[in-house]
Number of protein chains: 2
Amino acid sequence: MMTVTIKDVARAAKVAPSTVSRVISDSPRISERTKEKVREAMQELGYHPNFNARSLANQSTKTIGVVMPNSANKTFQNPFFPEVIRGISTKAHQLEYGLYLSTGQSEEEIFEEVQHMVQGKRVDGIILLYSKADDQVMKYLHEQDFPFTVIGRPYDETLQNVTYVNNDNFKAAKTVTEYLLLLGHKRIAFIGGNLENVVTIDHMEGYHRALKNAGMEPNNDFIVFHEELQEGGQEAVIDLMSLNERPTAMIVADDIMTFGVMRMLSEMEIHVPDDISIISFNNVMISELSAPPMTTVDINIYSLGYEAANLLIDKILHPGAEAKKMLIPHKLMKRETCRRIASAQRAASEKSV
Amino acid sequence: MMTVTIKDVARAAKVAPSTVSRVISDSPRISERTKEKVREAMQELGYHPNFNARSLANQSTKTIGVVMPNSANKTFQNPFFPEVIRGISTKAHQLEYGLYLSTGQSEEEIFEEVQHMVQGKRVDGIILLYSKADDQVMKYLHEQDFPFTVIGRPYDETLQNVTYVNNDNFKAAKTVTEYLLLLGHKRIAFIGGNLENVVTIDHMEGYHRALKNAGMEPNNDFIVFHEELQEGGQEAVIDLMSLNERPTAMIVADDIMTFGVMRMLSEMEIHVPDDISIISFNNVMISELSAPPMTTVDINIYSLGYEAANLLIDKILHPGAEAKKMLIPHKLMKRETCRRIASAQRAASEKSV
DNA sequence: GTGAAAGCGCTAACAG
DNA sequence: CTGTTAGCGCTTTCAC
């Protein structure tokens with residue numbers, strides 16, 4: 001398979017290489033006649049532009065780097081990621097960008113990969129699929145003034161001019177807490193993800209705010225954080241159900257974690273929603289398949305990815321432009337894990353005080 | 001951020017560019033002294049090799065293309081994929097390869113992307129994350145004699161010399177069927193995935209074989225295929241449970257589908273495993289979180305990815321070598337969705353004959 | 001409208 | 001051991 005270059009096409013079409021190049025980029029300064037001629041030659045010889053040569057001459061790779069979180073963590077297997085990637089990839093494909101995927105088993109590995117991507121000019125821009133406090137990757141990208149967008153939001157206040165796509169996680173958590181309060185729940189537990197993640201912080205603040213607005217003091221016993229998705233959910237339930245006064249409702253950071261929570265609850269023969277209400281976040285594909293199907297907040301994962309790609313490419317094309325911040329709307333998906341607190345249940349939980 | 005090139009380094013270290021190049025590749029023909037000198041200069045100037053220039057000069061990109069299945073399909077969100085990718089990425093990282101991710105919303109788009117990857121010399125080799133009958137992508141790669149490996153196996157007999165990593169899906173399905181037979185089940189349904197997928201075919205044949213070995217004729221009413229994961233599982237249950245003689249056990253192609261199956265069963269108040277036994281394939285992360293936790297076949301997804309990358313890179317490095325075929329061992333994970341058929345259950349199902 | 005030539009940043013053959 | 005030189009395949013001034 002001798003590779004056919006622009007020169008071969010030029011020779012076949014009896015024009016100069018530069019002309020062929022112009023035809024490829026569909027320059028208006030070339031006559032229709034020669035365009036035809038050249039295109040025919042390309043067809044016949046089976047010509048395809050060499051990407052690396054192009055990137056080198058152009059100083060542009062037409063590919064965007066996608067940085068996943070630490071793959072050692074089980075979070076990595078969250079169906080959240082295929083879905084964001086689907087969103088990213090749709091937009092990228094429309095604008096003819098490719099995807100370079102970066103994963104790493106540790107913070108250090110991820111950081112190294114990112115450095116290689118930017119220093120080696122492997123990508124034109126980067127999307128961070130996670131956002132956590134004090135992230136050296138984000139800091140680095142920012143210092144280098146390299147185009148990037150983050151899904152979530154920067155935590156550090158000094159990173160003002162960072163483009164990001166996020167949900168209003170504060171509001172979502174607040175609403176969800178209010179919803180449980182309206183259903184008569186007073187003992188509402190909060191099971192958060194890793195406290196380093198900005199989303200966890202935002203969730204917690206929304207939860208706090210709702211309680212305070214209702215004139216209640218957050219009870220620290222009811223607030224637990226867990227890094228690991230399934231195990232975390234299960235451990236959280238053990239802790240919470242060992243309390244003298246058990247919660248009658250729980251807010252869980254992630255649908256997958258909710259599976260763990262429900263699994264443990266069913267082992268303890270605590271029934272959802274009769275004995276306890278649960279409300280979760282994300283609405284990944286399988287979340288409607290829990291037994292019973294979980295009530296959760298749809299955060300529109302696909303759009304997060306799609307818009308992140310959109311904003312990134314915009315930024316690549318207009319390096320001067322100001323940072324954009326975008327909020328994707330969320331939506332409460334009422335299913336079957338929440339119900340008005342029963343008087344018996346209230347009595348039971350109060351008895352144990 | 002003026003980009004610093006090999007020439008700058010050469011000037012600073014007072015050597016020729018080629019010497020710098022040799023230092024980068026740690027050539028043994030360079031004295032330790034000049035290596036030191038050059039490395040210092042690189043450090044000071046903050047030099048990082050330009051990837052595209054390297055690829056162009058080298059005719060090698062050090063990146064491998066990963067082709068996902070059709071993203072329009074919900075299968076795309078199966079946690080299977082993050083997990084294979086984790087395997088691939090681990091090996092790739094060890095050997096300093098990068099990952100270029102290709103997704104497409106249709107067969108056509110995928111095919112186009114693959115063509116771009118190979119013709120544009122964007123990657124050194126490709127891993128196909130799916131395997132189906134009459135796949136034009138596989139055919140193309142084979143014709144082009146481009147290095148690739150597939151996860152699963154080629155269906156077409158003419159594609160003899162294709163390197164792949166697979167499970168013994170025939171055997172796994174056979175074993176699983178035998179297991180159910182030993183538990184006393186006679187009416188064993190089979191819920192397969194898309195019949196185009198080679199894995200589905202292999203599963204079905206294993207199932208057939210086990211039944212035949214036991215002197216039983218497969219009943220076509222008990223065999224259904226569904227493309228979509230969750231909906232598929234649910235529809236399959238409806239079909240199966242509408243039969244005059246209901247199955248007492250089901251073999252389900254994929255854990256996610258099993259979630260759909262169990263969800264529908266619970267809606268119908270059919271209890272697992274008391275009323276019906278279920279056994280599934282894959283053992284993705286969340287599969288232990290179903291209620292009750294599902295019995296499934298662990299296919300070692302991570303290893304599939306890891307070995308696929310391994311074999312691919314081997315193939316890239318030794319283009320002449322023969323195709324390798326590798327089987328990853330599987331393992332039955334007994335959990336709580338299978339039980340010996342109860343006499344009452346047998347009576348009930350026989351009554352309905 | 002089209003061609004000639006220089007150059008993107010790196011590697012590799014050939015000298016010495 | 002190290003330098004010189006000629007590309008890798010494409011783009012892009014600058015001429016004409």
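Within every chain, numbering begins at 1; the chains are lettered A, B, ... in the order of the sequence lines, protein sequences first and strands thereafter.
- Remark: B/Tyr140 OH is packed, more than 12 non-hydrogen atoms of other residues, nucleotides or ligands lying under 6.0 Å away.
- Positionally, the nearest nucleotide of DNA chain D for B/Ser27 lies more toward the 5' end than for the other of B/Ser27 and B/Leu56.
- Over its full length, the helix from C/dG1-D/dC16 to C/dG16-D/dC1 turns its helical axis through 40°, comparing axes from the five pairs at each end and rounding to 10°.
- A donor-acceptor pair shorter than 3.5 Å can be found between the side chains of A/Glu113 and B/His93.
- Looking at B/Ile316, B/Val118, B/Asp124 one by one, the single match for side chain to side chain contact (heavy atoms under 4.5 Å, CB included) with B/Phe146 turns out to be B/Val118.
- Side-chain contact of A/Ser21 with A/Ser18: a donor-acceptor pair under 3.5 Å is absent, judged by distance alone.
- Looking at A/Glu307 and A/Tyr164, their side chains never bring a donor and an acceptor atom within 3.5 Å of each other.
- In this model, the phosphate group of D/dC8 is not approached by any side-chain N or O of A/Thr5 to a distance below 4.0 Å at OP1 or OP2.
- Toward the 5′ end of DNA chain D lies the nearest nucleotide of B/Lys14, the other residue of the pair B/Lys14 and A/Pro49 mapping further downstream.
- A 4.0 Å heavy-atom criterion places the boundary nucleotides of DNA chain C facing chain A at C/dG1 to C/dG9, written 5' to 3'.
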Is there any protein nitrogen or oxygen under 3.5 Å from a nitrogen or oxygen in nucleotides 11-15 of chain D, and what are the pairs?
unit_1, atom_1, unit_2, atom_2, d
D/dT11, OP1, A/Arg54, NE, 2.8
D/dT11, OP1, A/Arg54, NH2, 3.4
D/dT11, OP2, A/Ser21, OG, 2.8
D/dT13, O4, A/Arg22, NH2, 3.1

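- The interatomic distance linking B/Arg122 (CZ) with D/dG9 (P) rounds to 18 Å, in whole Å.
- B/Gln94 and B/Lys91 share a side-chain donor-acceptor pair at under 3.5 Å.
- Heavy atoms from other residues, nucleotides or ligands lying under 6.0 Å from CG of B/Asp26 number more than 12.
- The local environment of NZ in A/Lys139 is sparse, with at most 12 non-hydrogen atoms from other residues, nucleotides or ligands closer than 6.0 Å.
- The side chain to side chain contact (heavy atoms under 4.5 Å, CB included) with A/Asp135 is formed by just one residue from the set A/Leu128, A/Ile110, A/Val198, A/Asp156; it is A/Leu128.
- Using a 4.0 Å heavy-atom criterion, one finds that A/Thr34 contacts the sugar-phosphate atoms exclusively.
- Place B/His48 and A/Glu32 on DNA chain C by their nearest nucleotides, and A/Glu32 ends up nearer the 5' end.
- Of the candidates D/dC8, D/dC10, D/dG3, the closest approach to any side-chain atom of B/Ala16 belongs to D/dG3.
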